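Lettering of chains follows the sequences in order, A, B, ..., and the numbering in each one begins at 1. Nothing here was measured: the structure is a model prediction, and the numbers come from that model.
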2 protein chains.
Amino acid sequence: MRITPEPTMRRLPHYLHFLKRQLENGVEKISSTIIAQALSLDSTQVRKDLEYTGVKGKPKTGFFVKELIQAILEFLTWTTRRDAFLIGAGNLGSAMLGYNRFREYGLNFVAAFDTDENKIGSEIYKVPIFTLDKIPSMARRMNVQVGVLTVPAHAAQTATDLLVEGGIKAIWNFAPTYVKAPKEVVIENHQFTESLAALTRKMVEVDFHLEKYRLSNLEGNRT
Amino acid sequence: MRITPEPTMRRLPHYLHFLKRQLENGVEKISSTIIAQALSLDSTQVRKDLEYTGVKGKPKTGFFVKELIQAILEFLTWTTRRDAFLIGAGNLGSAMLGYNRFREYGLNFVAAFDTDENKIGSEIYKVPIFTLDKIPSMARRMNVQVGVLTVPAHAAQTATDLLVEGGIKAIWNFAPTYVKAPKEVVIENHQFTESLAALTRKMVEVDFHLEKYRLSNLEGNRT
DNA sequence: TGTTTTTAGAGAAATTTTTCTTCATATTTG
DNA sequence: CAAATATGAAGAAAAATTTCTCTAAAAACA
């Protein structure tokens, strides 16, 4: 098992989504060229990515859509249910508990945790809320493997430590800060500031290069 | 102006966040080594990243925290206000309108759009809701540059087209699908399925490699 | 059945990103 | 005031990722 390139892992769900829609439309076979076109990617890259999942395509025929979907789902282990804790039942946290599509990805929230006393003992979308100190014991007892952090930045490390104490295997961090954990714990940061930074910076750079492009065109016209 | 590597752009907000906290704690000068340590990165990488913002550090002293913060903010153009439209005032969309920290990044929601007739004419966190067909004309009139997509997948392309028609410069896409736009429009996808895929796949790979590590250790002990 | 066209697969090449090295310089210490 | 030390800068090297190129297989069509 070679390790999968990060960019490949991130592209796979996009293939999956596209393929599911194709299947709904009755498409049974599909070529890497078509996939690439639809997602504005290079067809070689699509093939390279799909190679990791183990599926084989046939020249001139392409891939079987159903087979491909299944292969991606299994590669990402989205076919098996994975129980998860949510830490921080605020704005974003509640929205996540209410998002029932997570099941499609195998993610199943079994409990949420918060410091707000008014929330303790209640339920949000049928998920019960507990105090944070319950995390370690409950995680061990219920064998929960994933912790989702939707807490403010200052509370992120404490929550992480509790999850690690509970023997959690992966942390999906939505708090706007890095957290530290032993290296065998998978940490996946999902911060909107990252993509916002890319967005705003690219706006400047695109502007600049369009400007340059326009200028060089003018020069070109002049000569 | 050389173009900035994607990973660099994504790391900058993390430096920013860390530096802000340092400043709060009264730290005035900081070295790339310290930053690297705090964020579990390589110090050379930190220096390379910071280089893009144009700041210069002094040997043995490091960087001035205030100066660094300012440089990053300006590099990301987060010091100037940028008006934005939000398309899709559902669960996630409402949460975003309510998140008042966006101001810190220069992002300012001036209007939201939805298809739900009950929402039209009302306000969410003081932001008025309109029908989608108003997008092009309003975007032009108000000179709005950013469109934030928090619609279901099937509505994403239509919304994108309307934004493009309105002369928008960048689209921040939270819908679980790719959208197409002319190449001068910056599109930044921010999909949780991407990081979830990375998370779940890494869990398997870490498991596998830990197992291998354990096995090779056993063998090592045997000989 | 033979020829042409399309496409997957494999590996090479190019590009991008990260890591490593060396060097000059500012600060600290004796 | 000189030596030691930590640090940033610059560029080289290495690693990772993407793109390109070629070959062979399958399908379409004559």
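The side chain of A:T44 contributes no N or O atom lying less than 4.0 Å from OP1 or OP2 of D:dT19.
Considering only side-chain atoms of A:T33, the nucleotide from C:dA8, D:dT17, C:dT18 that sits closest is C:dA8. Relative to the side chain of B:R11, the nucleotides D:dA9, C:dT18, D:dC20 differ in distance, and C:dT18 lies closest. Between D:dT17, C:dT19, C:dA8, one nucleotide has an atom nearer to the side chain of A:F63 than all others, and that is C:dA8.
Counted within 6.0 Å of NZ on A:K29, heavy atoms from surrounding residues, nucleotides or ligands total 12 or fewer; the atom is thus considered open.
Looking only at distances, no side-chain donor or acceptor of B:N25 sits under 3.5 Å from a matching main-chain atom of B:V27. Distance alone, capped at 3.5 Å, is enough to place a donor-acceptor pair between the B:Q157 side chain and the B:K180 backbone. Using a distance-only test at 3.5 Å, with no hydrogens or angles considered, a donor-acceptor pair links the side chain of B:R140 to the main chain of B:E165.
Residues satisfying the ring pair (Phe, Tyr, Trp, His ring centres under 6.0 Å) criterion with B:Y99, sequence neighbours excluded, are A:F192, B:F102.
What separates CD of A:Q45 from P of C:dA14 is a distance of 19 Å, to the nearest Å.
Counting non-hydrogen atoms under 4.0 angstrom, B:K48 reaches a base of the nucleic acid. Within the 4.0 angstrom heavy-atom criterion, no nucleotide atom of any strand lies near B:S43.
What you find for B:Y52 and B:I3 is that their closest heavy atoms are CE2-O, 4.1 Å.
Side chain to side chain, B:E194 and A:H190 fail the donor-acceptor criterion of an N or O pair below 3.5 Å. In the model, B:Q45 has no side-chain atom that pairs as donor or acceptor with a side-chain atom of B:D49 under 3.5 Å.
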Restricting both atoms to N or O, compile the protein contacts to nucleotides 24-28 of chain D shorter than 3.5 Å, with distance only.
from: D:dA27; atom 1: OP1; to: A:T61; atom 2: OG1; distance (Å): 3.3

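Closest-nucleotide positions on DNA chain D for A:P5 and A:R47 were compared, and the one nearer the 5' end corresponds to A:P5.
Annotation: proximity of residues 17-28 of chain B to DNA chain D (heavy atom, distance under 4.0 Å) is found for no residue.
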